[in-house]
Amino acid sequence: MLVYEATKSQFMDSVECGSITDEIYDVYKQKIGKSSQSQIRSWDNSMEFMYKVLNDDNIPDDSGVAIEFTIPTTSKRIDFTISGANKEGKDSVIIIELKQWEKAEKVQGKDGVVKTFLGGGLRETTHPSYQAWSYASLLENFNETIEEDAIILHPCAYLHNYKFDENDPLKDDIYKPYIDRAPMYGKRDTLKLREFIEKYVKYGDKNNLLYRIDNGKIRPSKKLQNTLYNMLKGNEEFVMIDEQKIAYEKAMDMVRKSYLDDKKRVLIVEGGPGTGKSVIAINLLVNILGNNNEMLALYVTKNSAPREVFYKKLRGGDFTQSYIKNLFKSSGSFTKSNTNDFDALIADEAHRLNKKSGMFQNQGEDQIKEIINAAKCSIFFIDKNQKVTMKDHGSIELIEKFAKEQNAQIEHMKLKSQFRCNGSDGYLSWLDDVLEIENTANYNFFDFNYDFRVIDDVNDLRDLIFEKNKINNNSRIVAGYCWNWIKDGKNDTNIHDINIGDFSMSWNLGNSSTWAIDKDSVNEVGCIHTCQGLEFDYVGVIIGNDMRYENGKIITDFTQRAKTDQSLRGIKKLYKENPKEALKIADEIIKNTYKTLMTRGMKGCYIYCEDMNLQTYFKERLNKVIKN
């Protein structure tokens, strides 16, 4: 998505007459939403500097200029691009990451990380060259037009307020690999940046490059479960950007320090759906094992589905079955572990951790405590809004409590930018508001690159997902747990558990753990337990009568949950003892369940509501978005 697009001459005219910031902001409000005053000031400042850089006849007047270009499937935007053709006539696009920085510090021991003044304080962030290179890599990875049409990307960074010293920390040799990939220019480097542009944009943009890229075919997403094998073989599959990279480097630094000094360390990484928690977790596992063969690290989840999917993808390759099984452990595996048995334990979906372990919940003391005890360094990835059962025990407060009891150093980080739902942060905010989880600023806005629809006939929803699934077996139907899972039909797709009018389908059969990747799973309906922690291109969500719309508000009703559902086991007893508390817990779990289901789709989500009032409510909210 392009916020601002023009030729170089049009851009120069807009800067000269003082309208460029207004032009950018007018479109920004329509496509993305309101912006902060600091963002507006940065446009004012940066565009004047870019005017000076482009003010040269050797840069063609008809070269293309784009500002705030959104990278597909993410919420990240490229500050400034210039398009045209090089001297050989080949299509070229220059990507410029603009920075307002005036000072920065080198950070030792963390690859591609620097420290500068951001958000009112001195903070760690990615090196400008790393950021520019990573954005270009993301664009190449997700846009087929760039590869098919042989469009060459040339990333760079422009710190127009920064005066580089002879031995400047940003130019230290530790950053050379990224500076080589994406050159960096400062306040005194206007002419050098101009030469860089002239080198790759000799002729104007006759081929509408920016339009072609913006409207280019998006590649299917790199699903973590499909790339794990290559990652374990040492191949870089996911380029981590911005706060993902910072969290990863922080974790690696803590693991290395704990390995050397045997002191306990705990890192809490908080992030919503699609913020890359699992990508960071798997990268950590791969690189901890790869960097030092003496280190012992494991990936830990309570939910078996991600573990089994990873195991199935890796089985039959270069790794033994026992090796694979030992890399991915359930959260109840550490009840008898000794202190510091492991160098690192990486707990993904930490909000799903239980208090007790074992089939009958009668083993151990507390899974959080046991994980911290068993590892020199433990990393917890958590989202407080993805607790979906009564047993979900993990919380930031408890992690901090047990870490303090074991004298561990505690660090806390947050991931904000998300890479699911086509990168639309607005969709997630809108969903929070629509489901009345919390009031948000984007209550009537989200990016229409994300395909969200309310489907009137559940049969049409099924057909739509079937059609999408033909592309790459990466679309699924899921539902709230409002229909009993018929015991006698657990392995028989002819026995249909879910019946709505003339629609009927089976819950997933005996393949709960690998339902996400099995070739015939589109014929079965999944639930929260088979898809949490995993992702698809498109998801169809059937909302049962446990969530309805009555008297102008969303209401949840735990009595409409299936008897076979274990998520709310114990809620009836609690309701008799403390009705207010029981209703609060049930409301949180039911809403979190549907939010989680409605954020499994990378490219689109289609919903059908059993309650027609809720169906109408979703349509009305969607219509308000459209009107905006």
Side-chain angles (χ1 to χ4, degrees), residues 73 218-228 273-274 303-313 315 420-422 450-486 489-544 562 593-594 596-610:
T73 77
I218 304 304
R219 283 194 181 98
S221 62
K222 269 190 175 182
K223 291 200 299 181
L224 183 62
Q225 54 262 37
N226 288 338
T227 57
L228 184 61
N303 191 3
S304 64
R307 298 197 311 272
E308 290 301 318
V309 166
F310 296 158
Y311 172 68
K312 187 172 182 178
K313 284 291 181 183
R315 193 171 55 198
R420 201 175 285 146
C421 306
N422 224 7
Y450 189 67
D451 187 8
F452 179 85
R453 305 184 214 173
V454 183
I455 309 297
D456 284 329
D457 188 323
V458 66
N459 291 292
D460 292 340
L461 180 142
R462 176 191 58 201
D463 294 345
L464 186 55
I465 291 297
F466 279 10
E467 190 63 31
K468 294 291 187 183
N469 193 63
K470 291 177 182 177
I471 302 170
N472 58 355
N473 187 35
N474 196 23
S475 298
R476 294 290 185 270
I477 301 170
V478 296
Y481 211 150
C482 296
W483 295 268
N484 286 322
W485 194 8
I486 300 171
K490 284 188 176 181
N491 292 301
D492 188 350
T493 191
N494 294 311
I495 296 179
H496 290 179
D497 313 276
I498 301 171
N499 294 277
I500 304 171
D502 61 351
F503 168 89
S504 64
M505 285 184 76
S506 299
W507 281 120
N508 56 278
L509 305 182
N511 62 338
S512 298
S513 297
T514 57
W515 168 86
I517 56 174
D518 290 342
K519 65 177 182 177
D520 295 323
S521 291
V522 72
N523 298 307
E524 307 158 13
V525 179
C527 68
I528 188 66
H529 308 301
T530 54
C531 70
Q532 190 170 26
L534 300 170
E535 60 191 28
F536 312 98
D537 279 353
Y538 295 91
V539 64
V541 181
I542 300 171
I543 300 177
T593 296
Y594 283 116
T596 301
L597 294 178
M598 293 168 73
T599 54
R600 295 305 92 188
M602 293 283 289
K603 298 179 180 179
C605 171
Y606 314 127
I607 69 166
Y608 170 82
C609 308
E610 254 203 310

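As a basis for the values below, the full set of heavy atoms in this structure was taken, side chains included, without hydrogen atoms, waters or symmetry mates.
In terms of heavy-atom proximity, G540 sits nearest to L461 at CA-CD2, 4.0 Å. Heavy-atom minimum distance, I455 versus Y608: O-CD1, 3.3 Å. The heavy-atom pair separating C482 from G544 by the smallest distance is SG-CA, 3.8 Å. Of all non-hydrogen atoms in H496 and S506, the two that sit nearest each other are CD2-OG, 3.3 Å. The two residues N508 and G526 make their nearest non-hydrogen contact at OD1-CA, 3.9 Å. The two residues K468 and S475 have their closest heavy-atom pair at CB-OG, 3.4 Å.
Atom SG of C531 sits about 12.5 Å away from atom CD1 of I477, to the nearest 0.5 Å. Atom-to-atom distance recorded for I542:CD1 and L597:CG is 10.5 Å, nearest 0.5 angstrom. The CE atom of M505 lies 10.5 Å from the CG atom of D497; values are rounded to the nearest 0.5 Å. Within the model, atoms SG of C609 and OH of Y594 stand 8.5 Å from one another, a figure rounded to the nearest 0.5 Å.
Between the side chain of D457 and the main chain of N459, a donor-acceptor pair closer than 3.5 Å is present.
Partners of D456 by salt bridge (Lys or Arg N to Asp or Glu O under 4.0 Å), not counting sequence neighbours, listed by chain and number: K619. Residues passing the side-chain hydrogen bond (donor to acceptor under 3.5 Å, both in side chains) test with Y606 are D451, sequence neighbours excluded. K470 is linked by a salt bridge (Lys or Arg N to Asp or Glu O under 4.0 Å) to E467, counting only residues two or more places apart in sequence or in another chain. In terms of the ring-ring contact (aromatic ring centres under 6.0 Å, His included) criterion, residue partners of Y481 (sequence neighbours excluded) are, by chain and number, W507. For R462, there are no salt bridge (Lys or Arg N to Asp or Glu O under 4.0 Å) partners, not counting sequence neighbours. Here N499 pairs with nothing under the side-chain hydrogen bond (donor to acceptor under 3.5 Å, both in side chains) rule; sequence neighbours left out. For C605, the side-chain contact (heavy atoms from CB on, under 4.5 Å) criterion is met by Y427, Y450, F452, V539, V541, M598, I607, not counting sequence neighbours.
Between the side chains of D537 and N472, at least one donor-acceptor pair of N or O atoms lies under 3.5 Å. N474 and N469 share no side-chain donor-acceptor pair at under 3.5 Å.
The list of salt bridge (Lys or Arg N to Asp or Glu O under 4.0 Å) pairs with a residue in residues 472-481, not counting sequence neighbours, is empty.
Looking at E535 and M602, their side chains come closer than 4.5 Å, going by heavy atoms from C-beta outward. Within the 4.5 Å cutoff, side-chain heavy atoms of I500 are placed close to those of E610.
Under the 6.0 Å cut-off for aromatic ring centres, W515 and F536 qualify, their centroids lying closer than that.
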